Protein chains: 2
Amino acid sequence: MGFSGQFFGQKSHYERGERMSPRAGLDVDILVRAAAEIADEEGIEEVTLARLAAKLGVRSPSLYNHINGLQGLRTQLAIYGLGELNTAIASAAEGLSGDDAVQAMGRAYVEFARSRPGLYKTTLSSPDPNNAELVAASERILSLIINLLQVYNLGKEGELHAVRGLRSILHGFASIVQEGGFGMPLDTNISLSRLIAAFLTGIGQMNIPGKYES
Amino acid sequence: MGFSGQFFGQKSHYERGERMSPRAGLDVDILVRAAAEIADEEGIEEVTLARLAAKLGVRSPSLYNHINGLQGLRTQLAIYGLGELNTAIASAAEGLSGDDAVQAMGRAYVEFARSRPGLYKTTLSSPDPNNAELVAASERILSLIINLLQVYNLGKEGELHAVRGLRSILHGFASIVQEGGFGMPLDTNISLSRLIAAFLTGIGQMNIPGKYES
DNA sequence: TATTATAACTAATGATATTAGTTTTGAGGA
DNA sequence: TCCTCAAAACTAATATCATTAGTTATAATA
């Protein structure tokens, strides 16, 4: 994947109280992956420049040579996270179509949020419309979903409503799972597959003006 | 509503550069409402003790006489927000049942998130299981939803899956709306009512073991 | 009026992000 | 091989937070 994993999972020079070696050899990729690790392992609120610098064995101002402050780091994290999410759901749906594909994608989506909780959260901030890369990453996921829905023949508008619906379902379910919001001992995988099944059963509604439209 | 609105929408003494009057007469309720106002108007990241103190015309340490630090304020905000949300959706569904009730509640839920964006966000943090008030506020909303679903005769387990589904739909949709995540010029109210319609059409699936259950 | 609980204060500490300006490195050209 | 120099890392400094400790002053009440 084009990345030297040297810093991950180890204490840095500073964390061990040693003197640093002259050049740390950082780049955006290393920063973002290390930050994602912090987000997943320690929580998103621990993703600070101070914490990241410590993990990488440098002083926090040094990070500014590679990213545009904390805001820039967050943007990069979102881009990275959306890319990973896209990879996960795309490969899950690969070779499938119809309900099978949607179910597989849904499972992968939620599993991503479960296994990379911090990184998933970074993808949720409003996609800064000024950042082309971020917008593109968002749109890649969107068109993946749109493709899966072609089969259902919903028409132009119906398709848009359906995409919104499916996104809502996946995001809502993933968020609640992640927060531990479903307390009880009832298998969440079953809940998810039945929710998607219910949605797909009624997906024809997306094309039908209903009596609840104000 | 048992609350003196004296501070809201006005600049404080400090903000106007005057000397303060001896006792500010604060209490938890005033703090929480002022904080909610900041959250809605300036964004949730602006809800700091410093900002809140300035708005109320006191110094930030004074706030500790009423709340348990920033963490405590956030907990109180979540409780308040869940209460307001509960009121909104309960009164929307009042006197209705079946699809009508679910549709009305869904509309009210999303409208709440739209009109009180900051306050809605405060309700999303994991419900600290140590805080009884917070848990109770969460559960009130949950049982409201459960009640609405009685009509559909889903059985014990089916009902639980359905609650999870509906919560996911509402939360997911509301979150995406709030983030401005649905770009285009397509009425979101229509998207929501059709999504709920699709869910209700397929709600029988909640009771049926499907072939996608791993 | 005197007492007293407590609301609000000041002062201090320790995180954090960020900027400015300095040092040092190491890669590529002389 | 040695020099140059862009850039990577640094130190120092500032500003904003949250939080704690200890002080002052208010206003209710005895």
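These values consider heavy atoms only, across backbone and side chains, with no hydrogens, waters or symmetry-generated copies. Since the structure is predicted, the reported quantities are computational estimates derived from the model, not experimental observations.
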key: Difference in axis direction between the ends of the helix from C/dT1-D/dA30 to C/dA30-D/dT1, five pairs, 10°   =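 Computed from the C1' atoms at both ends, the axes differ by 10°.
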In this structure, how many angstroms lie between the [atom2] atom of [N] and the [atom1] atom of [X], rounded?
X	N	atom1	atom2	answer
A/Leu49	C/dT16	CG	C1'	9 Å
B/Asp27	C/dT6	CG	C1'	14 Å
B/Leu52	D/dT19	CG	C1'	15 Å
B/Leu56	C/dA7	CG	P	15 Å
B/Glu45	D/dA18	CD	C1'	17 Å
A/Glu46	C/dT16	CD	C1'	12 Å

message = If you compare every side-chain N and O of B/Ser62 against the phosphate oxygens of C/dA7 (OP1, OP2), does one of them come in below 4.0 Å?
response =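 For C/dA7, neither OP1 nor OP2 has a side-chain N or O of B/Ser62 closer than 4.0 Å.
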note = Picking from D/dT19, D/dT11, C/dA8, the nucleotide nearest the side-chain atoms of A/Arg59 would be D/dT11
Nucleic acid contacts - residues 63-76 of chain A versus DNA chain C, non-hydrogen atoms under 4.0 Å = A/Tyr64, A/Gly69, A/Leu70
task = Could you go through the side-chain hydrogen bond (donor to acceptor under 3.5 Å, both in side chains) check for B/Tyr212 and A/Asp100 one step at a time?
result = CA-CA 8 Å; B/Tyr212 297 104; A/Asp100 290 350; 2.4 Å; yes
message = Would you say that A/Glu42 contacts A/Glu37 through its side chain, given a criterion of any heavy-atom pair below 4.5 Å between the two side chains?
response =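 A side-chain contact under 4.5 Å is absent here.
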query = Contact class for B/Thr48 vs. all strands (heavy atom < 4.0 Å): base, sugar-phosphate, or nothing?
reply =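 Here B/Thr48 touches the backbone only, sparing every base.
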